[in-house]
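To keep things clear, I will list the structure first and then write my remarks on it.
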Amino acid sequence: MSVGQKALGILVAVLLLGLGSAAPCLGDAPRMGKEELRALLGSSGVVVVDVRTGGDWRRSDEKIAGAVREDPGAVRSWAEKYGKETTLVLYCA
């Protein structure tokens, strides 16, 4: 299994952010498998966000190509840079 396939195998949470409201709790977020995510990769309006802690992210060789890394403890500060219609796919490994 390649690094990309392994990373895609991780279940991810999908949050559709309505920036005027609070983000749903993780337990309320829909989940998707690797095949669903694979179909979305490269789509406009979809951003894959790696929310691992800084150290875990730096030490890892397993990253989804094109994903952006954001601090999971600072959701309110980075969520505003994505449009209301953007689908954010959050993952950690």
Side-chain angles (χ1 to χ4, degrees):
M1 180 180 293
S2 74
V3 170
Q5 289 172 326
K6 191 172 181 181
L8 287 174
I10 300 165
L11 292 180
V12 294
V14 176
L15 297 177
L16 299 175
L17 286 181
L19 295 179
S21 63
C25 295
L26 183 58
D28 296 338
R31 303 199 185 265
M32 71 171 57
K34 64 183 178 181
E35 294 306 319
E36 289 175 273
L37 177 59
R38 185 173 286 137
L40 291 175
L41 291 176
S43 299
S44 64
V46 175
V47 177
V48 179
V49 182
D50 187 328
V51 293
R52 290 180 281 184
T53 61
D56 288 342
W57 180 79
R58 281 188 297 277
R59 287 187 295 275
S60 177
D61 292 330
E62 299 176 0
K63 297 179 175 106
I64 296 175
V68 296
R69 196 230 158 235
E70 297 285 4
D71 180 359
V75 172
R76 292 204 188 276
S77 69
W78 56 260
E80 291 181 6
K81 69 180 169 181
Y82 302 105
K84 291 181 180 183
E85 300 303 318
T86 301
T87 299
L88 298 180
V89 179
L90 308 181
Y91 86 100
C92 66

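When reading the values below, keep in mind they use all heavy atoms of this one structure, side chains included, and skip hydrogens, waters and symmetry mates. Just so we're clear, the structure is a prediction, and the values are computed from it rather than from any experiment.
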So if you build clusters from Ile, Leu, Val, Met, Phe, Trp, Tyr with side-chain heavy-atom gaps below 4.5 Å, do Val75 and Leu88 land together?
yes
Please walk me through it: do Ile64 and Leu41 pass side chain to side chain contact (heavy atoms under 4.5 Å, CB included)?
CA-CA 9 Å; Ile64 296 175; Leu41 291 176; 4.2 Å; yes
Please round to the nearest 0.5 Å and tell me the distance separating atom [atom1] of [X] and atom [atom2] of [Y].
X: Asp56; Y: Cys92; atom1: CG; atom2: SG; result: 9.0 Å
X: Arg59; Y: Arg52; atom1: CZ; atom2: CZ; result: 10.5 Å
X: Arg31; Y: Leu37; atom1: CZ; atom2: CG; result: 14.0 Å

Considering non-hydrogen atoms only, spot the tightest contact between [X] and [Y] and give its length.
X: Asp71; Y: Trp78; answer: O-NE1, 2.7 Å
X: Glu80; Y: Arg76; answer: CG-O, 4.1 Å
X: Thr53; Y: Arg69; answer: C-NH2, 3.4 Å

Under the salt bridge (Lys or Arg N to Asp or Glu O under 4.0 Å) test, residues paired with Arg58 that sit two or more places apart:
none
Is it true that a side-chain atom of Tyr91 and a backbone atom of Ala67 form a donor plus acceptor pair closer than 3.5 Å?
no
